[in-house]
Amino acid sequence: MNGAESPCDVVVVGGGLAGCEAAYQLAQRGLRVRLVEMKPHKRTPAQTSDRMAELVCSNSLRGAALSNAVGLLKEELRRVGSLALRCADETSVPAGGALAVDRERFAEAMTRAIEAHPRIAVERREVTEIPAERPVILATGPLTSDALAASLAAAVGAEHLAYYDAIAPIVSADSIDWSRVWKQSRYGKGSAVRGERAAPPERSAPPEQRAAPPEDAAERRDDAEAGDEAYVNCPFDEAQYKAFVRALVESEKVEARDFEEVRYFEGCLPCEVMAARGEQTLAFGPMKPVGLTDPRTGRRPYAVLQLRPEDEAATAYNLVGFQTRMKYAEQLRVFRMVPGLEEADFLRMGSVHRNTFVDAPALLGPAMELRALPGVHLAGQIAGVEGYVESAAAGFVCAILLAQQLRNEPLRPPPLTTALGGILTHLGRKQPTYQPSNITWAHIAPLDPAHGKLRKRARYEAMAERALRDLDAWWAAG
């Protein structure tokens, strides 16, 4: 259908997770939507297909347990009819305690649902300035074009902040030397032989050498509960590890252009940036060997690089935590130092991409609408959320609030006790320097003191139980 020839109630710019989710939710509420997507006429440097909702970084939507904040957010989205979660569940692949998807099947499912919806008209063209039509949702993602970003900056008078997200390489499964690696999820049963723990001994890294921690320890408990063999482990001895770190630090990197300021998201640092923080940073971050036993030795390795399957058939594997801005030739040289990857066939090289977002607490109102431009709403990463699930959630919340506005109803945002409400908490929480964020328990209202003092996991489980109860009540009230 030609979107330009179709009347609409709302224009949505951007066919990523946030834009697709927003368009779908509005259409489900009887509104006519024009979704404007620039592919296939133009792609960002990180995109490789013309499908909507293309996952350009990891294929993981992260932890699934309700004792994990993003796990709670996923369950909330399921309960309220999220398109992204429905498609993710339909196209999931084994990933321990996480929800990971076959990225091609996921994008196909999302595209099919959007194009088939009778109240969504898709228009294929690039948007270079804020559309005059109102209302409009801008959901153009981390790679918002320079022209549209300039139009937005001119309209709101705010400085846009930019940093780089880095993408991890993918290797072909049949090019891995399976005699040198083994399958086992960290803390899980896996296929490893139990044995004596080996080096490195228990030790603490200096604060300046510590990598950003995983969102929550629940992720490793998820692996233990799953007990599957989703991850492939490439073990390093001490000498191999130190040589690998040196190679990362000394490698040639793709440099930012002179006019661009590089500001990395702390939860998605390039591996060479982590390595430069200190020799042991990776060993306490993505290469930590804790919870793993090499069945060939019965001992824990000094360090481990993990691979995660990219598709249901496990024909390709992602280097977990090894997003990078190294030049391609350097990636081939350095990553083939990994035990088991000496002859690896790289199906996708790592790369870097810009992320553009606004100062949401200063610019956005309660309906995710620009105070300076009534009728212009922002959803997804351009507003400052981080992560696939959070982007879809921001699209969902933006659509719900806009639909309420269009029906002249009082705004009824999700309760602040829920993870969906936590998205709005983050967007409205002033910071010395506003930074993108994944959903965390800190974004969700704390428990009433009447609960008493609970241990961390019990507290998170109680918060999740309360969240789902409050969400169901909010959703039922309509």
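Here, residue 1 is the first one in the sequence, and each next residue gets the next number.
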Dump the intermediate steps for salt bridge (Lys or Arg N to Asp or Glu O under 4.0 Å) on Glu369 and Arg134, then the final yes or no. CA-CA 11 Å; Glu369 184 176 16; Arg134 301 289 191 275; over 6 Å; no
Side chain to side chain contact (heavy atoms under 4.5 Å, CB included) between Val56 and Arg103, intermediate numbers included: CA-CA 9 Å; Val56 300; Arg103 68 178 76 217; 5.7 Å; no
Decide yes or no on side chain to side chain contact (heavy atoms under 4.5 Å, CB included) for Cys8 and Val33, but give the supporting numbers first. CA-CA 5 Å; Cys8 70; Val33 180; 6.0 Å; no
Quick one: do Asn438 and Val70 satisfy side chain to side chain contact (heavy atoms under 4.5 Å, CB included)? Show the steps, please. CA-CA 8 Å; Asn438 296 122; Val70 76; over 6 Å; no
CA sep, side-chain torsions, deciding dist, call: Leu31, Leu402, side chain to side chain contact (heavy atoms under 4.5 Å, CB included): CA-CA 11 Å; Leu31 296 164; Leu402 177 52; over 6 Å; no
Report the C-alpha distance between Glu133 and Arg34 in whole Å, list the side-chain angles of each, state the deciding distance to 0.1 Å, and finish with yes or no for salt bridge (Lys or Arg N to Asp or Glu O under 4.0 Å). CA-CA 11 Å; Glu133 295 173 275; Arg34 183 183 306 137; 2.9 Å; yes
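Two residues are said to be in side-chain contact when any heavy atoms from C-beta on lie closer than 4.5 Å; Leu248 and Met326 meet this criterion. Looking only at side-chain heavy atoms (C-beta outward), Ile444 and Thr425 stay at 4.5 Å or farther from each other. With a 4.5 Å cut-off on side-chain heavy atoms, Ile137 and Val11 do not count as touching. Side-chain contact check for Phe335 versus Cys271: some heavy-atom pair is nearer than 4.5 Å. The closest side-chain heavy-atom distance from Thr128 to Ser145 is not below 4.5 Å. The shortest side-chain heavy-atom distance between Asp448 and Arg466 does not fall under the 4.5 Å cut-off. Within the 4.5 Å cutoff, the side chain of Asn59 has heavy atoms near those of the Arg308 side chain. For the pair Pro436/Glu390, no side-chain contact is recorded, criterion being any heavy-atom separation below 4.5 Å from C-beta on.
Here the CG-OH distance, from Asn318 to Tyr231, works out to 9.5 Å after rounding to the nearest 0.5 Å. The CG atom of Leu26 sits 8.0 Å away from atom SG of Cys398, with the distance rounded to the nearest 0.5 Å. Separation of atoms OG1 (Thr111) and CD (Glu54) is listed at 9.5 Å; rounding is to 0.5 Å. To the nearest 0.5 angstrom, Met274 atom CE is 14.0 Å from Gln280 atom CD. In this structure, the separation between OG1 on Thr417 and CG on Asp470 is 3.5 Å, given to the nearest 0.5 Å. Going from atom CG of Leu35 over to atom CE of Met52 covers 5.0 Å, rounded to the nearest 0.5 Å.
For the pair Lys253 (side chain) and Glu272 (backbone), a donor-acceptor distance under 3.5 Å is absent. Between the side chain of His377 and the backbone N or O of Pro135, no donor-acceptor pair lies under 3.5 Å. Of the possible polar contacts, none joining the Gln404 side chain to the Glu409 backbone as a donor-acceptor pair under 3.5 Å is found. With hydrogens and angles disregarded, a donor-acceptor distance shorter than 3.5 Å links the side chain of Gln331 to the backbone of Gly350. A donor-acceptor distance shorter than 3.5 angstrom exists from the side chain of Glu76 to the backbone of Leu420, with no hydrogens or angles considered. Between the side chain of Lys39 and the main chain of Gly15, no donor-acceptor pair closer than 3.5 Å is present. With hydrogens and angles ignored, the 3.5 Å screen pairs no side-chain donor or acceptor of Arg325 with any backbone N or O of Val273. In terms of modelled atom types and a separation under 3.5 Å, the side chain of Lys74 and the main chain of Gly63 share a donor-acceptor contact. Side-chain N or O atoms of Arg348 include one that pairs as donor or acceptor with a backbone N or O of Ala168 at under 3.5 Å. The closest donor-acceptor contact from the side chain of Glu21 to the backbone of Ala84 lies under 3.5 Å.
More than 12 heavy atoms of other shown residues, nucleotides or ligands fall within 6.0 angstrom of atom CZ in Arg407. Environment of CD in Glu465: sparse, with no more than 12 heavy atoms of neighbouring residues, nucleotides or ligands closer than 6.0 Å. Counting non-hydrogen atoms of neighbouring residues, nucleotides and ligands closer than 6.0 angstrom, the CD atom of Glu461 exceeds 12 such neighbours. Other residues, nucleotides and ligands contribute only 12 or fewer heavy atoms inside 6.0 Å of the CD atom of Glu129.
In terms of heavy-atom proximity, Ala477 sits nearest to Arg412 at CB-NH2, 3.5 Å. Shortest non-hydrogen contact noted between Val156 and Ala372 is CA-CB, 4.4 Å. Of all non-hydrogen atoms in Leu61 and Leu55, the two that sit nearest each other are CD1-CD1, 4.4 Å. When all heavy atoms are compared, the tightest approach of Arg371 to Ala362 is NH1-O, 3.1 Å. Considering all non-hydrogen atoms of both residues, Ile439 and Ile423 come closest at CD1-N, 4.2 Å. A pairwise comparison of heavy atoms in Val320 and Leu307 identifies CG2-C, 4.1 Å as the closest pair.
Note: Tyr24 and His117 have perpendicular aromatic rings, judged against thresholds of 30 and 60 degrees for the angle between ring planes. Relative ring orientation between Tyr460 and Trp441 is described as parallel, the plane-to-plane angle staying below 30° on a 0-90° scale split at 30° and 60°.
Not counting sequence neighbours, the partners of Arg78 by the salt bridge (Lys or Arg N to Asp or Glu O under 4.0 Å) test are Glu75, Asp89. Judged as a side chain to side chain contact (heavy atoms under 4.5 Å, CB included), and not counting sequence neighbours, the contacts of Ala155 are Ile130, Leu373. By the side chain to side chain contact (heavy atoms under 4.5 Å, CB included) test, Pro40 pairs with Asp50, Arg124, sequence neighbours left out.
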